[in-house]
Amino acid sequence: MIDIKLIRQDPDRFKKAAKDKRFTCDIDVLCKLDEQRRSLQRELDQLKHQQNETGSQIALYKNPQGKWYQQALADGKSQTELKAEADKLLEQMTEIKARTKQLETEHREVSEQCDVLLLTVPQPADEGVPVGEDESDNVELRKMGQIPDFDFEPADHVNLMTKLGMLDVERGVKLAGTRNYVLCGEGAALHHAVLQLAMDLMVERGFIRLHVPVLVRDAMMVGTGYYPGGEEQAYRCERDEMSLVGTAEVPLTAYHCDEILREDELPRKYVALSPCFRREAGAAGKDTYGLYRIHAFDKVEQVIVCKNDEEESKRHHAEILQNAEDVLAKLELPYRVVDVCTGDLGQGQVQKFDIETWMPSRNSYGETHSASRFYEFQARRLKMRYRDGQKNIRFCHTLNNTGIASPRVLIALVENHQTADGKIQIPKGLQPYMGGRTVIGGN
RNA sequence: GGAGAGGUGCCGGAGCGGUUGAACGGGACGGUCUCGAAAACCGUUGAACUCUUUGAGUUCCCUGGGUUCGAAUCCCAGCCUCUCCGCCA
């Protein structure tokens with residue numbers, strides 16, 4: 001969420017942001033509503049003040065034991081006179097109250113409209129982020145690792161894994177419909193191995209491991225910026241007003257919502273392994289083959305909550321990006337890092353780096369990681385704050401990145417490390433997580 | 001699922017219709033004392049919003065309604081938490 005004061009100051013900045021990010025939101029209407037809201041509040045505050053004053057005056061008239069009342073009698077007022085004055089005040093009060101009630105209704109309506117609109121305003125991308133329409137305008141920052149040059153016809157991950165008894169798509173679909181799968185034997189082992197490897201690396205680097213709920217209140221989806229707008233992408237339990245998360249980013253980022261932290265508690269670095277659920281609405285017919293686009297998967301997610309300092313945010317961003325790159329290095333996978341363009345950024349993201357890992361069957365790089373920086377966008381929605389050195393209360397900054405997401409990463413892993421005779425070589429870094437084995441298949 | 005209890009400030013815990021934004025205690029912070037520390041003593045210590053912003057005002061004691069001139073305090077609904085019994089991974 002954007003600070004309404006900033007929008008007031010410079011509405012054009014946010015109009016431009018909406019245009020660059022290809023979001024629709026009516027800043028002019030918002031500004032008008034905001035102005036209306038404030039003038040109503042001004043009037044309402046005055047009226048309330050009047051109401052409070054009148055109320056406490058009435059109290060004096062209504063309390064014959066009170067000093068003021070006794071004084072009034074001593075000054076020669078009769079009880080009937082006092083009662084008459086009190087009645088007059090009461091009459092005034094009735095009028096004030098009627099007006100207050102009316103204004104309150106108006107104020108509430110305008111405020112609600114204001115809030116709804118405010119939730120739709122996108123955060124401007126950081127300076128330096130490439131302006132563009134869609135992912136084709138993303139800018140490649142670097143390529144790492146060596147794309148394998150097979151001297152045989154490489155198999156795709158479905159064939160390869162099915163043959164090795166690691167994957168059963170057919171029965172996955174039988175159980176749960178399209179975009180579902182069952183990992184079997186070494187396939188399941190490999191899945192757990194890569195997750196564990198990523199988790200260990202993050203913990204080693206100071207991230208606190210959390211095990212979090214994956215069915216969360218809708219308020220957390222709003223707080224992290226997924227709602228409104230992303231309802232169609234999530235499995236939602238309407239009657240409970242809860243949603244299955246598409247990523248542990250949600251519970252991890254919202255962990256400290258409604259809190260005021262101490263500055264010395266920051267930064268908080270969290271990592272969680274969780275299932276992730278995505279409806280993939282609107283992706284019908286896209287990536288229907290194999291393990292690329294599926295409804296449920298597991299992911300190790302890294303989240304950092306830090307001070308309200310853009311430079312510090314950027315440093316952490318580089319750090320969580322490096323963590324993910326190091327995971328891929330351990331898995332000996334070729335990948336590239338792209339700077340995501342404005343048109344491909346989420347509403348709250350100021351910059352996003354995607355890591356795309358080489359997938360031979362796609363003959364291209366496929367997204368496996370996504371590192372986003374939000375500044376205070378999420379924290380403001382989540383009311384996640386801290387007290388700084390000067391005792392000011394400020395909103396935190398938040399960031400997140402994938403550690404590893406499986407089974408999607410297995411596509412790259414098995415395809416890149418396959419051998420001519422249909423086996424899979426286990427990279428050295430992963431071997432300890434696979435019981436010391438060096439190869440899957442044969443033996 | 002059945003039966004109770006309760007939701008107040010950073011925490012514990014009063015208040016049960018009229019200067020209560022909230023007693024008291026703890027914690028934290030500042031100060032006195034001390035070579036230093038502890039102890040003791042004194043002081044400070046919630047948030048959001050509005051405006052004519054070194055000041056003034058409004059709102060907030062789980063949430064939303066209601067009663068009243070006036071509610072943390074009374075009434076209704078909802079949400080949540082805890083205890084006991086049953087059931088179960």
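Throughout, a chain's letter reflects where its sequence line sits, starting with A, and its residues are numbered from 1. In this text, all values refer to a predicted model and were calculated from it rather than measured experimentally.
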Does [N] have a Watson-Crick or wobble partner in any strand here, with both distances under 3.5 angstrom, and which is it?
N	result
B/rA71	none
B/rC49	B/rG57
B/rA28	B/rU44
B/rC82	B/rG4

Considering only the [atom1] atoms, how many Å lie between [N] and [M], rounded to the nearest integer?
N	M	atom1	answer
B/rU52	B/rC42	P	43 Å
B/rG15	B/rU34	C1'	41 Å
B/rG12	B/rU63	C1'	24 Å
B/rU73	B/rC33	P	47 Å
B/rC88	B/rG78	C1'	29 Å
B/rG17	B/rG2	P	34 Å
B/rC79	B/rG25	C1'	31 Å
B/rG43	B/rU81	P	41 Å

Checklist entry - What does nucleotides 48-59 of chain B look like as a protein-contact string, B for base, S for sugar-phosphate only, - for none, at under 4.0 angstrom between heavy atoms? => result SBSS-----BSS
Just how far, in rounded Å, is [atom2] of [N] from [atom1] of [X]?
X	N	atom1	atom2	answer
A/E265	B/rC10	CD	C1'	11 Å
A/E53	B/rG70	CD	C1'	14 Å
A/R387	B/rA47	CZ	C1'	9 Å
A/E85	B/rC69	CD	C1'	16 Å
A/E104	B/rC60	CD	C1'	14 Å
A/I96	B/rC69	CD1	C1'	10 Å
A/K383	B/rG46	NZ	C1'	16 Å

Checklist entry - When you check the gap from the basic side-chain N to the acidic O, do A/E301 and A/K269 get nearer than 4.0 Å? => result no
Review item, side-chain donor-acceptor pairs of residues 107-122 of chain A, under 3.5 Å, at least two apart:
| from | atom 1 | to | atom 2 | distance (Å) |
| --- | --- | --- | --- | --- |
| A/S111 | OG | A/H107 | O | 2.9 |
| A/T120 | OG1 | A/L117 | O | 2.6 |

Just jot down the side chain to side chain contact (heavy atoms under 4.5 Å, CB included) partners of [X], sequence neighbours excluded, or say none.
X	result
A/D258	A/K383
A/K286	A/A283, A/R293
A/F395	A/N308, A/E376, A/A379, A/R380, A/R385

Next on the checklist: Would you say CD of A/E170 has more than 12 non-hydrogen atoms from neighbouring residues, nucleotides or ligands within 6.0 angstrom?
Outcome noted: no
Checklist entry - Is the number of heavy atoms from other residues, nucleotides or ligands within 6.0 Å of NZ (A/K307) greater than 12? => result no
Restricting to nitrogen or oxygen on both sides, can you table the protein-nucleotides 66-68 of chain B pairs closer than 3.5 Å?
none

Next on the checklist: So, does A/R108 get its side chain near the phosphate of B/rG65, meaning an N or O under 4.0 Å from OP1 or OP2?
Outcome noted: yes
Next on the checklist: Treating A/D309 as the side-chain partner and A/E312 as the backbone partner, does any N or O pair qualify as donor plus acceptor under 3.5 Å?
Outcome noted: yes
Checklist entry - Out of B/rC80, B/rA47, B/rG65, which nucleotide sits closest to the side chain of A/R217? => result B/rC80
Checklist entry - Rounded to the nearest 0.5 Å, how far does CG of A/L430 lie from CG of A/L413? => result 6.5 Å
Checklist entry - Which residue, A/I260 or A/I58, contacts RNA chain B at a nucleotide closer to its 5' end, judged by nearest heavy atom? => result A/I260
Checklist entry - Are A/H397 and A/F374 close enough that their ring centres sit under 6.0 Å apart? => result no
Item to check | Ring-ring centroid check A/Y255 A/Y270, cutoff 6.0 Å | outcome: yes
